[in-house]
Structure formats: structure tokens, C-alpha cells
Amino acid sequence: VDGRDPPRAPVRRAVTVEAESSDRVLVSRFLSRRDDASFRDIYSRHAGAVYALSARLSGSAADGEDLLQEVWIRAASSLEAFRWESTLRTWLCGIAVNCWRELQRRRGGMALAPDVPDLPDEAPVPAGERVDLERAVRALPNGFREVLVLHDVHGYTHREIGELLGIDEGTSKSQLSRGRRSLREALEKRTAARGER
Amino acid sequence: MNDEEASERLLPAELDPPPGARDRIADTLAARGLIRRRSRLRRAGPALAAAAAAFAAGLLVGAAPGVRGRAHARPESAGSSTAPRFVLFLSPLPFEDAAGEPARVSEYRRWAAEVRGRGRFVAGEKLEDSGRVVSISGDSAAPAPDPQGGVAGYFLFEAKNLEEAVAIARSCPHVKRGGRITVRPVAPV
């Protein structure tokens, strides 16, 4: 929890290469057929990650689904231009971040009042600490939450976060550090409150 | 970004999207011509499908992305539903200030989410004031929507009958904000 990027193990690199190879097949099939089945194949593979990122960035399940939809509209429109300079998932998640930033701008950068208070019931129901953690992350201020979700949940590096959010690496690191501190304090408060009952 | 580090992550990097999201998104992509999709209408005949696609495209043109409904098309559970469908045409509000837009959008979305939670909601969009009027004699700029008879947005949903559709319309926050809602049944085809 010191803000440093995690090391990348060789075995994971191999898994990533294999995943990219499969993605290339799926994308090629989608571009040649553009049918429901080829869309579903790509969706099934990556929608979970895109939705998780969207719902946690926005702090709202409803906004998360809106963002998920917008990501696929943009992806289906521009997949032909995708040059594989990143993995497909990274590209899709990058679109999600951009859509989220645009949504914030349209709303005047105001703090969003979540229109759905919790993540949907249909999501895998986390038990105990996981529920607390999801709620505590959602309650973080936007700046902390964005960096913490991108770094600690989705594995982006500070350089990548800087590029995505238009901030420098130092800011990303300090936001992460402060976000983690806020998160820890929130969780400690919850634990203490439980102990008093 | 490393996609394979789940074990080191604070929380799982994947969450199941809401039920039906995949079909709703596929329908939206199909309506925008981004994928081809076999639909119930298409199976009924090419001419009917073309008409349906044109209608869907017409409804989707000019949508404001920020207030896009989560369901541009029929929910998964409605794929084989024969429940009557109704369109609510929302008039422009008589007193609509830009500053109140985010709160208004949020309120309408909560309402749509509630209707959707009952398995009724199908689609909804806010429309821009601008547009074009197309006729055999040529195109012209669309006039600003009239608060009495113009359309500023729509919702499409399923209901048992007109009475239930009207009750749903009455519950829409548009009414208490002074807007008018016209409820029209979708003609069975």
C-alpha cells in the first residue's frame, strides 16, 4: 500500500498474450460479420470488467450501465481503427474512463448523487468485509475513488492513470495514498461502530 | 494495465452487468446499424422489420447521451412478451432552467429505474430542441417544441392496458413539474 506499481510476473505476461490472441480472433470475426453472436462473444469476455470499472468510477449502478452501453456503442463504431497498441480490455476500459469524464463534464463537475444507492443485487453478493469495502470505495470523493479504483482494482499504472485522467503521475500517487488512508479510516469507523453495538 | 492480477486487487475487477444489459445493448447497436440482429419483427417479414428499424432510428436520433435510458430496446424478459406497449410523449416543460437540469435528469432517471425495476420500462430518451423537418417539398429547420403539443422526450414501456399506462404516466415527475404527457398505445403489428 505504498503507491508503487506491482511487479509483472512472466507467467501473467504469457496469459495476457494468449488472451490478446483470442481477442484478435473475436474482433476479426466481429468486424467481418457484425452480427449478434460475434458481439456477444466479445461482450461476454470483457463486459464484467468494463461494468465493474464504470459502476465503481461513477459510484452508481445505473450510471455504470449507461456507461457500459456507451462504451459498446463507441467500441463497435471504432473497432476497425483499433491498432492493438494495448490489450482490448485496456482499450475498452479507457473508453469507459473517457465516457465517465464526459458525463462528469456534462453534469458540471458536480458531485453525483447516486440514483441507485447500492450496486445491484444481481452482482455477486459479497460477504462481510467485501460489502463494507464496496460501500467505502463508493463513498470516497471522486478524485480519490477514480485513482484508487484504476490502480488498486484494475491494475493501471500511475503513468496510465495520469494519461487517462489528465493528471501527472505525482498527483496520481498522492491521490492514491490519500484515498487509501480515507478508505482505511472509513473501514475502521465501521468496525468500531459494529463493536459498540 | 495488467488484466491478470485479480489475486492482488483490492476488489474483484469484474462484476456481472445487470440482467438483460447484453440484449439491451445489442438492440441499441442494431438500431444504430452497428450490428445485424435477428429480431421478432424481422422474422415476421423484411418490410415490417424495415419499418420497425426506421421507427427505432427515428426515436433514437438526437438523443442526449447524458440522459440515455438504460434500456433502448426491449428488456431480456420482454423478448417474447406480447404485453401491450405504450409511448409517453413528454412536452417541453413550461419553466425549464438549465441550472436545474442535473437534478431533473436524476429525478427522471430514478423514476425510470423504478418503472424498469417492475419489468415495464423499455426505452426512453430526451430529445434536443433542434432538428429537421423532412417532406416531399424539401427540408427545413424543426421549430422549437411547443409546450402544448411538442415533444421533448419519450418513454416506451409495457403495461397491461391503457389505464395502467396512464397510471404510470401520472407517476412520472414530468407531471408535477408542469409538463404534459400524451399516452399512446403502440399499434399491434
Side-chain angles (χ1 to χ4, degrees), chain A residues 6 8 12 15-16 19 30 33-36 38-40 43-44 47-53 55-56 61-62 64-66 68-70 72-73 76-77 86-87 89-90 93 102-103 106-108 110 112-113 115-116 119-120 122-124 126 130 133-134 137 148 152-157 160, chain B residues 1-39 42 60 63-73 98-103 105-114 116-117:
Chain A
R8 307 295 165 92
R12 290 188 180 125
V15 173
T16 302
F30 174 81
R33 297 180 185 172
R34 282 205 176 268
D35 61 2
D36 201 25
S38 58
F39 159 70
R40 282 164 184 260
Y43 179 94
S44 300
V50 175
Y51 176 68
L53 177 61
R56 289 187 182 126
E65 190 178 338
D66 271 354
L68 176 67
Q69 177 167 275
E70 189 64 26
W72 289 106
I73 290 170
S77 305
S86 67
T87 65
R89 180 169 294 191
T90 300
C93 287
E102 286 174 25
L103 183 62
R106 276 201 301 274
R107 291 174 175 175
M110 61 187 290
L112 302 177
D115 51 359
V116 175
L119 285 173
E122 57 270 20
R130 163 89 190 279
L133 202 48
E134 290 277 10
V137 167
L148 187 130
D152 283 359
V153 181
H154 290 272
Y156 280 89
T157 66
E160 290 168 332
Chain B
M1 179 180 168
N2 189 332
D3 297 332
E4 312 299 334
E5 291 179 358
S7 62
E8 298 173 10
R9 288 172 175 155
L10 182 69
L11 289 165
E14 297 190 21
L15 289 174
D16 286 343
R22 185 186 62 188
D23 278 357
R24 289 192 289 274
I25 293 170
D27 282 347
T28 300
L29 296 180
R32 294 179 179 221
L34 293 168
I35 63 169
R36 292 183 294 275
R37 192 163 200 221
R38 277 174 62 83
S39 71
R42 196 162 285 157
L60 291 169
V67 292
R68 178 178 297 117
R70 263 158 297 294
H72 286 288
E101 175 80 5
V105 167
S106 183
E107 187 180 14
Y108 282 42
R109 286 168 62 130
R110 275 197 298 276
W111 174 80
E114 191 272 322
R116 178 170 163 254

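Residue numbering restarts at 1 for every chain, and letters A, B, ... go by the order of the sequence lines. Only a predicted model underlies this, so the values are computations on that prediction, with no experimental measurement involved.
For A/Val137, the part lying near chain B is the side chain, with the backbone staying farther off; criterion is any non-hydrogen pair under 4.5 Å. No part of A/Leu53 comes within reach of chain B, as not one of its non-hydrogen atoms sits under 4.5 angstrom from that chain. Heavy atoms of A/Ser44 lying under 4.5 Å from chain B belong exclusively to its side chain.
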Would B/Ile35 and A/Asp35 count as a side chain to side chain contact (heavy atoms under 4.5 Å, CB included) if you check the C-alpha gap in whole Å, the side-chain angles of each, and the deciding distance to 0.1 Å?
-> CA-CA 5 Å; B/Ile35 63 169; A/Asp35 61 2; over 6 Å; no

Stepwise, does the side chain to side chain contact (heavy atoms under 4.5 Å, CB included) test hold for B/Asp23 with A/Arg40?
-> CA-CA 9 Å; B/Asp23 278 357; A/Arg40 282 164 184 260; 2.5 Å; yes

Could you please spell out the steps behind the side chain to side chain contact (heavy atoms under 4.5 Å, CB included) verdict for B/Ile25 and A/Glu65?
-> CA-CA 10 Å; B/Ile25 293 170; A/Glu65 190 178 338; 5.7 Å; no

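B/Ala13 approaches A/Ala52 most closely through the heavy-atom pair O-CB, 3.5 Å. Here the closest heavy-atom approach between residue A/Gln69 and residue B/Arg24 is recorded as OE1-O, 4.3 Å. Contact record, A/Phe39 with B/Ala26: CE2-CB, 3.7 Å, taken as the closest heavy-atom pair.
Judged as a side chain to side chain donor-acceptor pair (under 3.5 Å), and not counting sequence neighbours, A/Tyr43 has no contacts. Residues satisfying the side-chain contact (heavy atoms from CB on, under 4.5 Å) test with A/Ala76, not counting sequence neighbours, are A/Phe30, A/Arg34, B/Leu29, B/Leu34.
Between the CG atom in A/Asp36 and the CZ atom in B/Arg36 there is a gap of 11.0 Å [rounded to 0.5 Å].
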